[in-house]
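Take a look at the structure below.
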Amino acid sequence: MKNFVEELRWRGMIHDVMPGTEEYMNKNMTSGYVGIDPTADSLHIGHLVGVMMLKHLQLAGHRPIALVGGATGMIGDPSGKSQERSLLDEATLRKNENELKKQLAKFLDFESDVENRALLVNNYDWMKNFTFLEFIRDIGKHITVNYMMAKESVKKRIGADSKTGMSFTEFSYQLVQGYDFLYLYEHENCKLQMGGADQWGNITTGTELIRRKLGHENEAFALTCPLITKADGGKFGKTESGNVWLDPERTSPYEFYQFWLNVSDEDAKKYIKIFTLLSQKEIEQLIKEHGEAPHLRILQKTLAQDITTRVHSKADYEAAVEASQILFGKGTTETLKKLDERMLLNVFKGVPQPEVQRSEFDMGIGLLDFLAAKTGIFKSNGEARRMLKDRAVMINKNRVDENYQLSSTDLLNNRYVIVQKGKKNYFLIKIV
RNA sequence: GGGGGGAUACCGAAGCGGUCAAACGGGGCAGACUGUAAAUCUGUUGGCUUAGCCUUCGGAGGUUCGAAUCCUCCUCCCCCCA
C-alpha cells in the first residue's frame, strides 16, 4: 500500500484532508470516490483533477469509484455559481454516463481482475425510487438545519449581500450529496470522498451523516484538492472557444495539444505535478532544465505530450506537433504553397474550415464580405475592418489591409485559402 | 399583508430631460516587446452602405420638439416589518 496522501501532497493536490485519513489509508485498502456531473457526454479538463486523484488512488492500491451525479446534477450545487440545471431525461443520462466511462477508462482500470478494479456508479440509480417522504424521514432527520446553514455555501446565499436568495432545492443539495456518501459507505464500503476545495462542505455533510446515522464508531474521510487556478487569475481550462473537452469532436487533438503548450511557465510547474504521473525526481529535473532554457519550454512540451497522448493517442500527438511546427515555425507563403493537399488538410485538421462558393470567389469577392459574412471568421464587417486596421489579419501568412483584393493566385492547391486572425487563430477556407 | 430599494452593454457600476451608443473598472480581442510564456505599454470592444444612419438602457404604453432619464401599468429580484 503506497502512501496515497503523501503522493498527493508533494504534487500540491491537497487543500484539506480530514484528520486520520492518511493513517487509515496506509493501513487499510479502501475505496474512495469523486462525483462527476453528467451534464454533457464528455469530460472537460476541469474534471481532470478529480480523475487524477482517482488514478493515484488506484495506483496506491485502493479502489477508485467514479460517481456519476445523475440525481445531484439535476439539482445544482449552490456552492458554484451555477443556477438552475436542466433536467436530463434518463436516456440522455445513460448515454452520457456511457461516454464518460469510455473517457475515464483511459485513466482508470475498470476491466482487469485486480481487487481494486475501478467502479462506476450513478446516484440516479439509488435516488430515483427514493420518495420525498422517505428521504426526509430517514435522512433529513439526522441532520439539523442549523448544521446545514452553517456551511459557507449556504451562508453566502442567505446573507444580506445575496441578491438571488436560495431555493429549498438548492438548500437540500448538500443533504442529497451527503446521502450518496452514506449509500456508498454502506453498500461499497467506501470511506473516502474527494473533490475540489469547494466541495469540502458538502463532503463533510456526508461524513457527518454517516456518523450520526450509523453511530460514532463509523469512520469516513474527506480530502479536497485546491481549485486549479491560473497565475494571471483567469479561469483554468477555458479558451476563447469555451471549455477544453476530452472528446476529439468537441476539441480537436490539435487544439487540445495547443492548450497545454500555451500554459504559462508558472502554471506549467504546477500542472505538470497534477496532470502527469512523472515522478518527483523527473519533475524536479524538468523544472531545473526549464529554468536554464525557458525559451525551449520543456515543461509545456512535456505536459502537452503526456496528456495529449493519454487522452488521444500517440499518432494524434505527433500530428499535432507537426501541425504546430508548420503553423508556428518559420512558415511562409512558400511553405504553404509547397504542401500537397493531403498534408495541408492534415495540418489544418482541427482548425475551423468554413466553405465559400467558387462562383462567388471567382466573381471577385470583397475582402470584408469574405472575412465576415461568408466565412464567419469575424462576427461583423465592423469587426473585420477593425482587425484589418490593427494589422491582425493574414492571408496565407501575408499581412493584408483593407484594400487587399483576393484573387485566384491566393488559392493553395487551387481551392484553399488560409486566414489568420492574430497569431494563433487559423482558418482554412475551402472553395467549393 | 405592510414599507423600502433595485433591474443599464460580456460582468460590475455611473448616468436621472437634450452635449448618451451611454463615464469608469474588470474581462475579451488585437498590436508592440518576447519564448505560441508572464509582466508592461498601445489600440479596440452594438450594427451598417461609417464626417452620416439604424437598433439598444427589465416589458408594454404615455407625456415631450426630444426619454436610459418624467408618468401609468406589468414582470422579476433584494431588504425590513407582520
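Chain A is the first sequence line, chain B the second, and so forth, proteins listed ahead of strands; every chain is numbered from 1.
Closest contact between the side chain of A:Met387 and the listed nucleotides B:rC29, B:rU36, B:rG35 involves B:rC29. Minimum atom distance to the side chain of A:Arg391 is reached by B:rG31, of the listed B:rG31, B:rG35, B:rA38.
Atom name P, nucleotides B:rA82 and B:rA68: the rounded distance is 42 Å, in whole Å. Taking atom C1' on both nucleotides, B:rU44 is separated from B:rA9 by 15 Å, rounded to a whole Å. Across the P atoms, B:rC41 and B:rG26 are found 11 Å apart, a figure rounded to whole Å. Rounded to a whole angstrom, the distance from the P atom of B:rG52 to that of B:rA38 is 40 Å. Between B:rU8 and B:rC77, the distance separating the two P atoms is 15 Å to the nearest Å. Here the separation of B:rG43 from B:rU50, taken at their P atoms, is 25 Å to the nearest Å. Of the P atoms belonging to B:rG5 and B:rG15, the separation is 16 Å, rounded to the nearest Å. Annotation: B:rA67 and B:rG17 have their C1' atoms spaced 6 Å apart (nearest Å).
Ranked by how close their nearest RNA chain B nucleotide is to the 5' end, A:Val393 and A:Pro294 are led by A:Val393. Mapping A:Ala392 and A:Gln300 onto RNA chain B via the closest heavy atom, the residue that lands nearer the 5' end is A:Ala392.
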Is there any protein nitrogen or oxygen under 3.5 Å from a nitrogen or oxygen in nucleotides 45-47 of chain B, and what are the pairs?
from   : atom 1 : to       : atom 2 : distance (Å)
B:rG47 : OP1    : A:Ser380 : OG     : 3.1

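Between A:Lys424 atom NZ and B:rU34 atom P there is a gap of 16 Å when expressed in whole angstrom units. A straight line from NZ of A:Lys269 to P of B:rA38 spans 14 Å, rounded to a whole angstrom. Rounded to whole Å, the distance from CG on A:Leu368 to P on B:rU50 is 10 Å. Rounded to an integer number of Å, the gap from NE2 of A:His290 to C1' of B:rA37 is 8 Å. Rounded to an integer number of Å, the gap from A:Lys423 NZ to B:rC29 P is 13 Å. For the pair A:Tyr271 OH and B:rA37 C1', the computed distance is 13 Å after rounding to whole Å. Atom CG of A:Asp265 and atom P of B:rG35 are 12 Å apart (whole Å). Distance, A:Arg297 CZ to B:rU34 C1': 11 Å, rounded to whole Å.
Phosphate proximity of B:rU36 to A:Asn425: absent, as no side-chain N or O sits under 4.0 Å from OP1 or OP2.
Summarising the geometry, atom CD belonging to A:Glu208 is positioned 11.0 Å from atom CD belonging to A:Gln174; distances are rounded to the nearest 0.5 Å. Considering CE of A:Met25 and CG of A:Leu223, their distance stands at 8.0 Å, rounded to 0.5 Å.
Taking the six-membered ring where the residue is Trp, the centroids of A:Phe275 and A:Trp260 are separated by under 6.0 Å. Aromatic ring centres of A:Phe427 and A:Phe348 lie farther apart than the 6.0 Å criterion allows. Residues A:Tyr317 and A:His312 place their aromatic rings such that the two centres sit no closer than 6.0 Å.
A donor-acceptor contact shorter than 3.5 Å is absent between the side chain of A:Thr251 and the backbone of A:Pro248. Under the 3.5 Å distance criterion, the side-chain polar atoms of A:Glu383 are left unmatched by any main-chain donor or acceptor of A:Phe378.
With sequence neighbours left out, the salt bridge (charged side-chain N to carboxylate O under 4.0 Å, His left out) criterion links A:Asp316 to no other residue.
Figure legend: A:Lys349 and A:Tyr254 shown without cation-pi pairing, the cationic atom not lying both under 6.0 angstrom from the six-membered ring centre and within 45 degrees of its axis.
Checked for salt-bridge contact, A:Lys374 and A:Glu360 meet the test: a charged N lies under 4.0 Å from a carboxylate O. Using a cut-off of 4.0 Å between Lys/Arg side-chain N and Asp/Glu carboxylate O, A:Lys281 and A:Glu284 are scored as not salt-bridged.
Side-chain N/O atoms of A:Asp390 and base N/O atoms of B:rU44 include no donor-acceptor pair closer than 3.5 Å.
With pairs defined as Watson-Crick or G-U wobble and both atom distances under 3.5 Å, the stems of at least three pairs that touch RNA chain B come out as B:1-7 with B:75-81, B:10-12 with B:24-26, B:27-32 with B:40-45, B:46-48 with B:52-54, B:58-62 with B:70-74.
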